[in-house]
Amino acid sequence: MRQGLSADLIKRILGASPKWTIMQLEEKFPPRNLADGAMVTRFAPSPTGFMHIGGLYQMLINYKLANQSNGVFMLRIEDTDTKREVTGAVELILDTAVKFGLMPNEGVSETGNYGPYLQSQRKDIYHSVVAELLAGGAAYPCFLTSDEMEEIRENQKLAGLPTGIYGEWARNRNLGEEEIIKHLNNGEIPSIRLYSTGNPDQKIFCKDGARGSIAFPENNEDIVLIKSNDGLPTYHFAHLVDDHFMRTTNVIRGEEWLPSLPLHFQLFRMMGWAPPVYVHTSTLDKIDAETGKQRKLSKRHDPEASVANFLEYGWPTDAVLEYLLNIASSGYEEEKTKNPNTNLWNYPIKIKKIPMSGALFDMKKLEWWSREFIGAMSIDDLTGKIIGWAKEYSPEWKKIIHSHEDYLKSILSIERDNPKRIRKDFVTWKQTLEEVLYFFDELFISNTDFDFNKSALIAFISGFDISDGKDIWWNKIVEIANGLGLKNGDVAMNLRVAVTGRTNTPDLYSIMQVMGHDRVVNRLQKAIG
RNA sequence: GGUCCCAUCGUCUAACGGUUAGGACACCAGAUUCUCAUUCUGGUAAUACGGGUUCGAUUCCCGUUGGGACUGCCA
């Protein structure tokens, strides 16, 4: 067993004596008292900007796994990179949880006995753990500067070696106390590195809940545990400490973490802690416009993939979730057609079904989910959602709709009475309003390209009675057509274009009924000129 | 370069080692007493390649190719 550091020196390195022993932390955060099979999951984003559709995918899976097993879903903010942190990002994440109905049971802004849930507030916990590692010789202070590390990397590249601080390249891994003190007296602040005992010639078998067992070379890198600039942990160390003491049972995360899995197993093994069940989800991809190749949907390059963007366009949140759910667990779609009671919230997902290959984000399919979802909504719900969207995202529409909420409702009701024949041309709230914009006089634009048959329009006005039933209304059109030697459809098209400005619309009779006598006649007269 | 992951219609996927390789989206065609949408019917379309193992391979093994991730005191 390697010689560790003295308590005094550890205190000096960390700036303070550890607040707790690991034993005390075990008592402070005892194993959870949950039923068998209950999963404790977490969504653990870093607050570096906007929420991304891939993040929402993660959030959904974690939420459902916890929820369907009567477990606990936590929201933990990984704000250990102070340089990249963006103000307001936490609020954005919370806002996403609220809007999509994926509220955590524990986490920032929620209560919970396993917090704090902001990593920046857990420094004492990390330091307490790392102090024992230093005392036991499993970690050591490292005074390498970034210039020195850069030089090491260059040399390794030149020599065709793997880059990193390991073995003989880890020049500080066996510093004696006197040398450490000398550095300290020099005013240098060390990072704390793992004293890795892994041997890359050996294999370590790591289990992934969906992929099975994966063999990796053991990790021999002395990775940083605690960063020198702010004393905060790196992802790896924070993951170890947090997911142990938060008693996470299932870590669902993106496949970008797969390469560090052997390290994480090593860390848990070193501590004598049981590792969680890991599941590494595949990426959500797109075809890159420039290279023509498939690649991960990225925060930086694909602003259209931001959750905020979906919200601004007014995609129904449940439809987005259903699309995502079907990717995470492809049986959902089929089960839903078989059993109409199946929905997003009651359909259980299976870890083993989570796909391992990257999926192209398919807007067409999303649109289909959305059409179906909107088609199945009640008219009150639909109207309410659209009004709610306009209030939050569109001052223009808000103003227009404001005094016409009942009118809007009757507009949206057109061809919605027969459940088998509901229109499915509404996709997003924004697009829905644009679809029906001609109903509003402020927005109606008369069609000046269309060559109206004015006699037909005049004839229609003279016989027009808003109280006519549909058959009578149609018969009048037929009569006009016969009288002028036109086709029925031609007369209908003349009326349609005059009244709506468009050649494609829903049922004309319903439109006129909703618009009312005056508006219809006005527009017809306008077309006549 | 090194390590690892992945590979069924255009897309998302289903198929105890034995199926005419199924479904959904998209697309095309036809029907549905006014256009559009809806609805209904039909259709085009896939196991990347090469070796094994096996009576039999989409399925198991190996290799090749292709795609992806990681290789930071970022997560």
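The sequence lines fix the lettering, A, B, ..., with proteins before strands; numbering per chain opens at 1.
- Distance check on atom P: B:A7 versus B:U11 gives 14 Å, rounded to whole Å.
- Contact check, A:T163 against B:G72: a side-chain N or O comes under 4.0 Å of OP1 or OP2.
- Proximity of A:S330 to the phosphate of B:A14: a side-chain N or O atom is located under 4.0 Å from OP1 or OP2.
- The side chain of A:A492 lies closest to B:C34 when the candidates are B:A69, B:U38, B:C34.
- Picking from B:C34, B:C4, B:C25 the nucleotide with the shortest atom distance to the side chain of A:P217 gives B:C4.
- Atom P of B:U58 sits at a distance of 10 Å from the matching atom of B:C49, rounded to the whole Å.
- Using C1' as the reference atom, B:U32 and B:U38 are 10 Å apart when rounded to the nearest Å.
- Across the P atoms, B:C60 and B:U8 are found 13 Å apart, a figure rounded to whole Å.
- Straight-line distance between the C1' atoms of B:G22 and B:A46: roughly 12 Å, to the nearest whole Å.
- Residue contacts shown for A:S228 include a base, since a base heavy atom lies under 4.0 Å away.
- Distance CZ (A:F205) to C1' (B:C5): 16 Å, rounded to an integer number of Å.
- Ranking B:A37, B:U13, B:C70 by closeness to the A:P355 side chain, first place goes to B:U13.
- Contact annotation for A:R211: backbone-only contact, meaning every heavy-atom pair under 4.0 Å involves sugar-phosphate atoms and none involves a base.
- At the heavy-atom level, A:A238 lies nowhere under 4.0 Å from the strands shown.
- Residue A:W257 is in base contact, counting any heavy-atom pair closer than 4.0 Å across all strands shown.
- Residue contacts for A:D507: at a heavy-atom cut-off of 4.0 Å it reaches a base atom on one of the strands shown.
- Of the charged side-chain nitrogens involved, at least one lies within less than 4.0 Å of a carboxylate oxygen, so that A:R423 and A:D425 count as a salt-bridged pair.
- Within the nucleic acid shown, A:L225 has no heavy atom closer than 4.0 Å to any nucleic acid atom.
- For the P atom pair drawn from B:A21 and B:U47, the interatomic distance equals 12 Å after rounding to whole Å.
- When the side-chain nitrogen and oxygen atoms of A:K286 are compared with OP1 and OP2 of B:G68, none of them lie within a distance under 4.0 Å.
- For A:E78, the listed nucleotide lying nearest its side chain is B:A75; candidates were B:C40, B:A75, B:C12.
- Within 4.0 Å (heavy atoms only), A:E367 reaches no atom of the nucleic acid at all.
- Between B:U3 and B:G63, the two P atoms lie 12 Å apart (nearest whole Å).
- At the heavy-atom level, A:F216 lies under 4.0 Å from the strands shown only through sugar-phosphate atoms.
- OP1 or OP2 of B:C74 has at least one side-chain nitrogen or oxygen of A:K83 nearer than 4.0 Å.
- Counting non-hydrogen atoms under 4.0 angstrom, A:S46 reaches the backbone sugars and phosphates but no base.
- Close to B:G72, at under 4.0 Å from its OP1 or OP2, lies a side-chain N or O of A:R153.
- Here B:C34 is the nucleotide among B:A69, B:C73, B:C34 with the atom lying nearest to any side-chain atom of A:W473.
- Distance from the side chain of A:L360 is smallest to B:U11 among B:C4, B:C73, B:U11.
- Between the C1' atoms of B:G52 and B:U13, the separation comes to 29 Å (whole Å).
- For A:K420, counting side-chain heavy atoms from C-beta on, the closest listed nucleotide (B:A75, B:U39, B:C73) is B:U39.
- To the nearest 0.5 Å, the span separating CG on A:N482 from CG on A:N475 amounts to 10.5 Å.
- Checking B:C34, B:C6, B:C12 against the side-chain heavy atoms of A:A359 singles out B:C12 as nearest.
- Of the side-chain N and O atoms in A:T80, one or more sit less than 4.0 angstrom from OP1 or OP2 of B:A75.
- Heavy-atom contacts from other residues, nucleotides or ligands closer than 6.0 Å to CD of A:E334 number 12 or fewer.
- Here A:P506 lies in heavy-atom contact (under 4.0 Å) with a base.
- The aromatic ring centres of A:F361 and A:Y323 sit less than 6.0 Å apart.
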Margin query: Evaluate A:D285 against A:K296 for salt bridge (charged side-chain N to carboxylate O under 4.0 Å, His left out), listing each step before the verdict.
Written below: CA-CA 4 Å; A:D285 303 343; A:K296 180 179 165 182; over 6 Å; no
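- A:Y140 does not carry A:R193 over the face of its six-membered ring by the limits of under 6.0 Å from the centre and within 45° of the normal.
- Among the protein residues, A:K470 comes within range of the nucleic acid bases, having at least one heavy atom under 4.0 Å from a base atom.
- Residue A:K487 is out of contact with every strand shown, counting any heavy-atom pair closer than 4.0 Å.
- Remark: A:K424 is not in phosphate contact with B:C36, judged by side-chain N or O atoms under 4.0 Å from OP1 or OP2.
- Seen from the ring of A:F444, A:R523 counts as a face-on cation partner, given the 6.0 Å and 45° thresholds.
- Considering only the side chain of A:I327, B:C12 comes nearest among B:C4, B:C12, B:C40.
- Heavy atoms of A:D425 sit under 4.0 angstrom from primed sugar atoms or phosphate atoms, though from no base atom.
- Closest to the side chain of A:D362, from the set B:U11, B:C36, B:C73, is B:U11.
- Residues A:R76 and A:E78 are paired through a salt bridge, judged by an N-O separation under 4.0 Å between the basic side chain and the carboxylate.
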